[in-house]
Amino acid sequence: MAQVLLLSLIVLSPGLVSFITSRDSKQVFDALSISFYFLAPIVVVYLVNFYLFSRWLWFRQHYLLFGLANVLLVVVLNSPILFYDISNLPEIARAGFISFMIISLLINLLAIFMALTIHYVIRQTEKKQKAVESELAWLKNQINPHFLFNTLNNISSLTHIDADEAQDAVMQLSDLLRYAMYETNKPKVPLEGEVEFMRNYIDLMKLRTNEMTTVGEEIEMEDGSLEVAPLLFISLVENAFKHGMNSNAPAVIKISLVQKGDTLVFSCDNTNNPKPTKDRSGSGIGLENTRRRLELLYQGHYQWEQTITPENIYHVKITLQL
């Protein structure tokens, strides 16, 4: 609709200019009469090109058919002008009529160009949006296997320590996977659901820690109904447990999520205990996916901090404007 209004404004501009400059009602009426005579066919040319010709002919690379179809359309719609017998008109009137005919054809060409340009921009925008959606779906689908892979490894280790706890962990994992598979199939989910999922996961990971590992958890929410991208922070929590624990030395893992107003701050700190090369299965996948998802979903509305402190603490902090 906005494009049609712009095209109409272009066509009606002679009448507007006449009104502003002369204020002569007869001149204004004559200019508007001519404009309205051109307006209907020009708008039809634009609409037909935007909704039909550009979609079915131009963008399917039927350029010859596109050109012929437009020639036929313009000729039919402008036939009163193109086939008008001007032989009986005075020379001055004949020159003016020819000028009007040329102007009409030029404006029709402008209408075709506008339709093609706007349709192209919309088409490219849709393509880009679909590409982003496909990449987000791919990244999210990678999170679930990565999450499952690490969690199963943890439960496998737990079976050698306490079979009963391992059985409870399997049930807890079932609840986690139910959420991951059925509750996160939307672009965004309530923050309270993500927090509950994170707490359950932390509890599951605590089963594997020993007395030398200290796990801290800080959760503050003002409004749990605020929505956030699903499974956005779980990879960082995974990394904290995977790389933070050390069976031979004291280790610290601290996870914090604070939401105030429309600002959400998530931070994860853990003792930096990088795994040996042979034990780096899946290493880096979750971290890369998290950064990519943030860039796609919250571009310009997030901050990322990633450092290793002098105390050998690996620190990641994400600040989101929801």
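All values derive from a computational prediction rather than experimental measurement.
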| Worked verdict on Ile112 versus Phe50 for side chain to side chain contact (heavy atoms under 4.5 Å, CB included) | CA-CA 8 Å; Ile112 295 171; Phe50 184 80; over 6 Å; no
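- A continuous path of ILVMFWY side-chain contacts below 4.5 Å connects Leu322 to Val195, so both sit in one hydrophobic cluster.
- Side-chain contact between Leu57 and Leu52 is absent, with no heavy-atom pair separated by less than 4.5 Å.
- Atom CG of residue Leu236 and atom CG of residue Asn270 lie 10.0 Å apart, to the nearest 0.5 angstrom.
- To the nearest 0.5 Å, atoms CG (Asn272) and NE2 (His315) are separated by 13.5 Å.
- Around the CH2 atom of Trp56, the shell of radius 6.0 Å holds no more than 12 heavy atoms that belong to other residues, nucleotides or ligands.
- In this structure, Tyr201 is not a member of the same hydrophobic cluster as Met171, with clusters built from ILVMFWY side-chain heavy atoms closer than 4.5 Å.
- No side-chain heavy atom of His119 sits less than 4.5 Å from a side-chain heavy atom of Met114.
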| field | Glu295 vs Tyr302, side chain to side chain donor-acceptor pair (under 3.5 Å): CA-CA, chis, key distance, verdict | value | CA-CA 8 Å; Glu295 188 61 25; Tyr302 81 95; 2.8 Å; yes
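- The line from NZ of Lys254 to SG of Cys268 is 11.0 Å long, rounded to the nearest 0.5 Å.
- Cluster membership for Phe113 and Tyr46, using ILVMFWY side-chain heavy atoms within less than 4.5 angstrom, is not shared.
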| field | Thr290 and Ile318: CA distance, side-chain angles, deciding distance, side chain to side chain contact (heavy atoms under 4.5 Å, CB included) verdict | value | CA-CA 10 Å; Thr290 300; Ile318 299 172; 4.3 Å; yes
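- The two atoms that bring Pro187 and Pro230 nearest to each other are O-CD, 3.1 Å, heavy atoms only.
- Donor-acceptor pairing under 3.5 Å is recorded for the side chains of Tyr314 and Gln306.
- In this structure, a donor-acceptor pair under 3.5 Å is present between the side chains of Gln321 and Thr263.
- A distance-only check finds no donor-acceptor pair linking the side chain of Thr319 to the backbone of Gln303 [under 3.5 Å].
- The shortest heavy-atom contact between Leu77 and Val45 is CD1-CG2, 3.7 Å.
- Using modelled atom types, no side-chain atom of Ser256 and backbone atom of Phe266 make a donor-acceptor pair closer than 3.5 Å.
- No side-chain heavy atom of Leu47 sits under 4.5 Å from any side-chain heavy atom of Val44.
- The shortest heavy-atom contact between Leu231 and Ile234 is O-CG2, 3.6 Å.
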Name the atoms and distances for all side-chain donor-acceptor pairs under 3.5 Å in residues 58-69, with sequence neighbours left out.
none

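- When all heavy atoms of Gly244 and Ala251 are compared, the closest pair comes out as O-CB, 3.1 Å.
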| message | Between Leu320 and Leu294, is the side chain to side chain contact (heavy atoms under 4.5 Å, CB included) condition met? List the steps. | response | CA-CA 9 Å; Leu320 286 182; Leu294 283 169; 3.7 Å; yes
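- A donor-acceptor pair is defined here as one N or O able to donate and one able to accept, closer than 3.5 Å; such a pair exists between the side chain of Gln259 and the backbone of Glu222.
- Judged by distance alone, the side chains of Asn200 and Asp175 never bring a donor and an acceptor atom under 3.5 Å apart.
- Under the 4.5 Å side-chain heavy-atom criterion for grouping Ile, Leu, Val, Met, Phe, Trp and Tyr, Val265 is not connected to Met198 through any hydrophobic cluster.
- Here the side chains of Trp304 and Val316 are in contact, with some heavy-atom distance below 4.5 Å.
- In this structure, Met221 is a member of the same hydrophobic cluster as Leu226, with clusters built from ILVMFWY side-chain heavy atoms closer than 4.5 Å.
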| query | After noting the C-alpha distance and the side-chain angles of Leu191 and Leu264, does the key distance pass the side chain to side chain contact (heavy atoms under 4.5 Å, CB included) rule? | reply | CA-CA 10 Å; Leu191 180 60; Leu264 173 63; 4.1 Å; yes
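- To the nearest 0.5 angstrom, Met212 atom CE is 10.5 Å from Thr271 atom OG1.
- Put simply, the side chain of Val228 does not reach to within 4.5 Å of the side chain of Lys188, judged on heavy atoms.
- Side chains of Thr214 and Ile253 form no contact here, defined as non-hydrogen atoms less than 4.5 Å apart.
- Put simply, the side chain of Thr125 gets close to the backbone of Val121: a donor and an acceptor are under 3.5 Å apart.
- Of the possible polar contacts, none joining the Glu194 side chain to the Val189 backbone as a donor-acceptor pair under 3.5 Å is found.
- Across every non-hydrogen atom of Arg293 and Ala229, the tightest pair is NH2-CB, 4.1 Å.
- The CG atom of Leu73 sits 8.5 Å away from the CG atom of Asn78 when rounded to the nearest 0.5 Å.
- Counting Ile, Leu, Val, Met, Phe, Trp and Tyr side chains that sit under 4.5 Å apart, directly or through other members, Val76 shares a hydrophobic cluster with Leu72.
- No side-chain heavy atom of Glu220 sits less than 4.5 Å from a side-chain heavy atom of Leu257.
- Here the OG1 atom belonging to Thr117 is positioned 11.0 Å from the CG atom belonging to Asn49, to the nearest 0.5 angstrom.
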